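Working notes for the structure below.
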Amino acid sequence: MAKNKRLNAARATIDTNKVYDLAAAVALVKGNAKAKFDETIEISLNLGIDPRHADQMVRGLISLPNGTGKTLRVGVFARGPKAEEAKAAGAEVVGAEDLAEKIQNGEIEFDRCIATPDMMALVGRLGKILGPRGLMPNPRLGTVTMDVKGAVTAAKSGQVEYRAEKAGIIHAGVGKASFGEDKLVENIKALVDAVQKARPTGAKGTYLKKAALSSTMGAGVSVDVATFTA
């Protein structure tokens, strides 16, 4: 009942027939984030793509200028000196065959997975487990690399992965409700800019069609996409 009451109160402050400029949308969503925990501010971007076609997939990583407010747990597949490098950089889980066995047993204790290139033969066997969770290391995303320290540090510093779903929509966290409005705006613009630059060659017509902001427990607010570059 308390949840419904809070959500209805939030909806009452929003004109569902209106498209808000970015600053106003951030203020509304932030002001309505009144749960007992620090809610995540999330953005949804509706793109003019069909991800079923390989040449229209949009996916990437970006380090937000003000971080995400969330500490990622990092798992690393590496051996020897690179394993030690990962541990020194702050990775929570580091291993090889032992880590693969844990994953096969359902013990996935990380939010981002990094691997050195020589480990991909082992990691590839875990594709059916890691893939659906969006955890499969990918050289295009910088998560298959010999620069283990750099990859772990980047993940820990507020790096966000964005990926278009089947309907061509990207969902991503851009900060916490406790962030200042200016920091949230800066993070959002950085993410949208990265998505814009990742426009696939196969995309035709309007690329960034619609956008909305919400908090974890709050109502969505439509955002005028033209204000992302204002």
Side-chain angles (χ1 to χ4, degrees), residues 6-35 38-53 55-70 72 111 134 140-141 158-230:
R6 183 173 61 248
L7 188 57
N8 289 335
R11 286 173 175 159
T13 68
I14 300 166
D15 184 346
T16 56
N17 296 314
K18 181 178 179 179
V19 178
Y20 292 83
D21 66 62
L22 179 56
V26 167
L28 260 178
V29 171
K30 181 176 161 62
N32 284 327
K34 297 178 179 178
D38 194 5
E39 297 182 51
T40 296
I41 304 301
E42 301 169 349
I43 191 168
S44 298
L45 301 172
N46 189 346
L47 306 180
I49 60 171
D50 185 349
R52 292 175 298 179
H53 300 290
D55 66 343
Q56 294 190 47
M57 172 52 69
V58 177
R59 184 181 183 185
L61 284 173
I62 177 175
S63 293
L64 297 181
N66 301 298
T68 63
K70 177 183 178 182
L72 283 182
D111 310 298
R140 291 179 58 190
L141 298 178
Q159 201 176 52
V160 170
E161 180 176 358
Y162 57 88
R163 182 178 185 176
E165 299 175 352
K166 286 189 292 185
I169 299 174
I170 284 175
H171 299 284
V174 291
K176 293 290 185 178
S178 59
F179 283 22
E181 292 177 20
D182 56 337
K183 289 186 176 182
L184 288 170
V185 168
E186 192 176 2
N187 276 0
I188 292 166
K189 286 188 174 183
L191 175 66
V192 172
D193 183 57
V195 172
Q196 292 273 34
K197 289 177 179 176
R199 177 173 180 154
T201 55
K204 306 298 181 184
T206 302
Y207 177 55
L208 184 54
K209 298 169 70 175
K210 295 180 181 179
L213 284 179
S214 63
S215 63
T216 305
M217 305 295 290
V221 177
S222 296
V223 184
D224 182 357
V225 296
T227 62
F228 287 130
T229 56

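What you see is a predicted model; the values in this text were computed from it and never measured. Because only heavy atoms are used, hydrogens play no part in the values below, and waters and symmetry mates are left out as well, while side chains stay in.
The backbone N or O of Lys70 lies less than 3.5 Å from a partner atom in the side chain of Thr68, making a donor-acceptor pair. Formation of a donor-acceptor pair under 3.5 Å by the Tyr207 side chain with backbone atoms of Val195 is found in this model. Although no hydrogens or angles enter the test, the distance criterion places a donor-acceptor pair under 3.5 Å between the side chain of Thr216 and the main chain of Thr40. No donor-acceptor distance shorter than 3.5 angstrom exists from the side chain of Asp50 to the backbone of Gly168, with no hydrogens or angles considered. Looking at Asp21, its side chain never comes within 3.5 Å of a backbone N or O of Thr227 through a donor-acceptor pair. Asp38 places a side-chain N or O within donor-acceptor distance of the main-chain N or O of Ser178, the cut-off being under 3.5 Å.
One finds the CD atom of Gln196 at 10.5 Å from the CG atom of Leu191 (value rounded to the nearest 0.5 Å).
Salt-bridge check for Arg59 with Glu161: passed, with a basic side-chain N closer than 4.0 Å to an acidic carboxylate O. With salt bridges taken as basic N to acidic carboxylate O contacts below 4.0 Å, none links Lys189 and Asp193.
Contact record, Ala194 with Tyr162: O-OH, 3.5 Å, taken as the closest heavy-atom pair.
Just one of Val221, Ile188, Asn187, Val223 meets the side chain to side chain contact (heavy atoms under 4.5 Å, CB included) condition when paired with Val26; it is Ile188. Between Ser215 and the choices Asn32, Leu28, Val29, the side chain to side chain contact (heavy atoms under 4.5 Å, CB included) rule is met once, by Val29.
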(request) Take Lys30 and Glu181 through the side chain to side chain contact (heavy atoms under 4.5 Å, CB included) test and state the conclusion after the steps. (result) CA-CA 8 Å; Lys30 181 176 161 62; Glu181 292 177 20; 3.6 Å; yes
(message) Show, in sequence, the C-alpha distance, side-chain angles and deciding distance for Phe179 and Ile41, and conclude whether the side chain to side chain contact (heavy atoms under 4.5 Å, CB included) test is met.
(response) CA-CA 9 Å; Phe179 283 22; Ile41 304 301; over 6 Å; no
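Between Val58 and Pro51 there is no side-chain heavy-atom pair separated by less than 4.5 Å. Using a 4.5 Å heavy-atom threshold, the side chains of Phe228 and Leu208 count as touching.
Counted within 6.0 Å of NZ on Lys183, heavy atoms from surrounding residues, nucleotides or ligands total 12 or fewer; the atom is thus considered open.
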